[in-house]
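Numbering starts at 1 and runs along the sequence shown. Basis for what follows: all heavy atoms, side chains included, without hydrogens, waters or symmetry-related copies.
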Amino acid sequence: VQLQASGGGLVQAGGSLRLSCAVSGRTFDINGMGWYRQAPGKERELVATISSRGSIGYTDPVKGRFTLSRDAARNIMYLQMDSLKPEDTAVYYCAAWTVVWYWGQGTLVTVSS
């Protein structure tokens, strides 16, 4: 499984960005996918996940502001991020898991105040 994340950039507080994660390879083996982020000096943390059945969950800091979706036909997962805050600044990674984890390369999101 290969993942390619894109869509990061610089945005002002209150703005929006949409991240994309293109998935290729043995996608039929995937049990779930998600978005994670790592802020400078901090550990990587969960942002949102989607199961193979389509069940979606969010970490509390992003609930009501971020929306995970997927285009199953095109094998793309999205993260729509609205009402961005400076504390959302981080490198965002997409991930998928089968019996092992696969990670994309990360895309930097910078939110200025």
Side-chain angles (χ1 to χ4, degrees):
V1 177
Q2 295 82 42
L3 302 102
Q4 180 75 35
S6 62
L10 173 64
V11 64
Q12 289 188 333
S16 298
L17 281 175
R18 188 177 78 159
L19 306 183
S20 299
C21 178
V23 187
S24 60
R26 297 177 62 88
T27 58
F28 48 85
D29 283 342
I30 294 175
N31 294 317
M33 296 184 64
W35 288 97
Y36 292 75
R37 67 186 180 185
Q38 187 165 17
K42 295 187 177 181
E43 295 186 352
R44 191 172 299 187
E45 64 176 3
L46 170 69
V47 176
T49 59
I50 182 167
S51 72
S52 59
R53 296 183 178 184
S55 178
I56 298 173
Y58 301 92
T59 188
D60 284 346
V62 308
K63 283 181 179 177
R65 300 188 298 120
F66 291 11
T67 304
L68 186 156
S69 63
R70 68 179 176 183
D71 182 334
R74 299 174 61 197
N75 288 324
I76 300 176
M77 178 177 65
Y78 300 99
L79 185 68
Q80 176 67 39
M81 305 186 295
D82 299 316
S83 301
L84 281 161
K85 304 175 181 180
E87 51 263 44
D88 295 318
T89 294
V91 177
Y92 284 72
Y93 299 89
C94 58
W97 51 94
T98 58
V99 291
V100 297
W101 284 75
Y102 298 89
W103 293 90
Q105 84 286 5
T107 184
L108 177 63
V109 172
T110 304
V111 184
S112 64
S113 58

Determine, using the 4.5 Å side-chain heavy-atom cutoff (strictly less than), whether [X] and [Y] are members of one ILVMFWY cluster.
| X | Y | value |
| --- | --- | --- |
| L19 | Y93 | no |
| V109 | L79 | yes |
| W101 | L68 | no |
| Y36 | V1 | no |
| W35 | F66 | yes |

State whether the side chain of Q105 and the backbone N or O of Q4 hold a donor-acceptor pair below 3.5 Å, judged by distance alone.
-> no
Is a side-chain donor or acceptor of Y92 paired with a backbone partner of A5 at a separation under 3.5 angstrom?
-> no
Between [atom1] on residue [X] and [atom2] on residue [Y], distance to nearest 0.5 Å:
| X | Y | atom1 | atom2 | answer |
| --- | --- | --- | --- | --- |
| L108 | L10 | CG | CG | 9.0 Å |
| Y102 | C94 | OH | SG | 14.0 Å |
| D88 | L17 | CG | CG | 10.0 Å |

Is any side-chain heavy atom of E45 less than 4.5 Å from a side-chain heavy atom of T59?
-> no
Side-chain contact test, heavy atoms from C-beta onward, threshold under 4.5 Å: evaluate it for I50 versus M77 and give yes or no.
-> yes
Fellow cluster residues of Y78, listed by chain then number, with links counted only when side-chain atoms sit under 4.5 Å apart = I76
Determine the minimum heavy-atom distance between W97 and G34, stating which atoms define it.
-> CZ3-N, 3.8 Å
Determine the minimum heavy-atom distance between R70 and R53, stating which atoms define it.
-> NH2-C, 4.2 Å
Residues in salt bridge (charged side-chain N to carboxylate O under 4.0 Å, His left out) contact with E87, at least two apart in sequence or another chain | none
Establish, from distance only, whether the side-chain atoms of N31 and S52 form a donor-acceptor pair under 3.5 Å.
-> no
K63 and D60 ion-paired at < 4.0 Å = yes
